[in-house]
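This one's a predicted model, so the numbers in the text were calculated from it and none came from an experiment. In this chain, numbering begins with 1 at the start of the sequence shown.
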Amino acid sequence: MVLPIDPSQIDPDDIGEAQTTLEMGHEEAIEHVRDVFTDAGFGVPVEFSPSEMLNEKIDAGRDPYYVLGACNPEVADRALDATDNTIGALMACNVVVWEEEPGHQRVYHVSIMRIARLLDMSVDDDEMASIIADTGELVDEAFANL
């Protein structure tokens, strides 16, 4: 299979990659990330722990790993229109928290809006550029407050 883009050539800025490390416990970090993203204008309608599920189902032995599906409803509505509904396959905008070691949690996010543009999902390039700018500001605000 040939990919339409070479993943090794993607600059982290092209996908809106943001990450930081928090010096706190895992549960505390999840609560903190949820609060900060909520304060920045996101809701968190979806949350789950892949590590808990995998450890339970297949005894994977995974360290704590948690996904918060963040969503700004106004931006999500605009993005559905700008992509003729196809961006829904990428929603919600996930923020991941995993324990690198006890007391150190990695917080990681990539922009589904930027990824949708790379995949040429947008039907309205001007609106998508506006959406990317708006979500970028919201995520930047959240990461500045982590």
Side-chain angles (χ1 to χ4, degrees), residues 3-83 85-122 125 127-146:
L3 296 175
I5 56 176
D6 181 354
S8 69
Q9 299 300 311
I10 296 175
D11 185 307
D13 289 339
D14 291 341
I15 59 171
E17 184 178 73
Q19 58 184 316
T20 192
T21 301
L22 301 176
E23 293 185 15
M24 59 182 67
H26 189 68
E27 295 299 323
E28 181 184 3
I30 292 166
E31 293 296 322
H32 181 63
V33 170
R34 184 186 303 109
D35 290 346
V36 167
F37 271 78
T38 299
D39 289 347
F42 291 92
V44 183
V46 178
E47 298 184 45
F48 63 101
S49 174
S51 60
E52 285 181 15
M53 182 214 31
L54 294 170
N55 291 344
E56 177 184 313
K57 299 289 184 184
I58 63 170
D59 197 24
R62 295 206 163 263
D63 291 334
Y65 188 99
Y66 201 81
V67 178
L68 296 120
C71 181
N72 178 290
E74 291 175 4
V75 174
D77 186 51
R78 290 171 49 207
L80 286 166
D81 288 341
T83 63
N85 292 322
T86 60
I87 200 166
L90 300 176
M91 288 181 172
C93 302
N94 290 330
V95 182
V96 182
V97 181
W98 71 83
E99 187 171 73
E100 292 184 318
E101 61 183 77
H104 291 84
Q105 314 305 316
R106 173 70 60 170
V107 181
Y108 183 82
H109 168 78
V110 294
S111 168
I112 65 166
M113 304 304 173
R114 289 180 181 269
I115 291 170
R117 182 175 58 188
L118 285 174
L119 295 175
D120 201 26
M121 294 173 79
S122 61
D125 290 333
E127 177 63 2
M128 199 64 181
S130 175
I131 291 167
I132 288 168
D134 292 347
T135 57
E137 289 176 15
L138 294 170
V139 170
D140 288 348
E141 176 186 337
F143 269 84
N145 290 315
L146 286 174

Report task. Go through the steps for E127 and D81 under the test side chain to side chain contact (heavy atoms under 4.5 Å, CB included), then give the verdict. Result -> CA-CA 9 Å; E127 177 63 2; D81 288 341; over 6 Å; no

Query raised in the report: So, S49 side chain and V67 main chain: donor-acceptor pair closer than 3.5 Å or not?
Result: no

Query - V96 backbone acceptor or donor facing N94 side chain under 3.5 Å - result: no

Report task. Check the pair V107, L146 against side chain to side chain contact (heavy atoms under 4.5 Å, CB included), reporting the backbone distance first and the verdict last. Result -> CA-CA 9 Å; V107 181; L146 286 174; 3.9 Å; yes

Query raised in the report: How are the rings of Y108 and W98 set relative to one another: parallel (under 30°), tilted (30 to 60°) or perpendicular (over 60°)?
Result: tilted

Reported [atom1]-to-[atom2] distance for the pair [X] and [Y], which is rounded to 0.5 angstrom:
X	Y	atom1	atom2	answer
F37	N72	CZ	CG	12.0 Å
I115	I87	CD1	CD1	9.0 Å
S122	I132	OG	CD1	7.5 Å
R117	T83	CZ	OG1	13.5 Å
L119	T86	CG	OG1	9.0 Å
I10	R114	CD1	CZ	12.5 Å

So, for [X] and [Y], which heavy atoms are closest and what is the spacing to 0.1 Å?
X	Y	result
M128	A116	CE-CB, 3.8 Å
N55	G61	OD1-N, 2.9 Å
V95	A70	CG2-CB, 4.4 Å
M121	L90	SD-CD1, 3.9 Å
H32	L22	CD2-CD1, 4.0 Å
G25	Q105	C-NE2, 3.7 Å

Taking the side chain as everything from C-beta on, heavy atoms only, tell me whether [X] gets closer than 4.5 Å to [Y].
X	Y	answer
H109	C93	yes
E74	D134	no
L68	V33	yes
M91	L80	yes

Query raised in the report: Which is it for S130 and R78 under the side chain to side chain contact (heavy atoms under 4.5 Å, CB included) test, yes or no, and what are the steps along the way?
Result: CA-CA 10 Å; S130 175; R78 290 171 49 207; 3.0 Å; yes

If you count every heavy atom of other residues, nucleotides or ligands that lies below 6.0 Å from [X] atom [atom1], does the total exceed 12?
X	atom1	result
E23	CD	no
R34	CZ	yes
E47	CD	yes

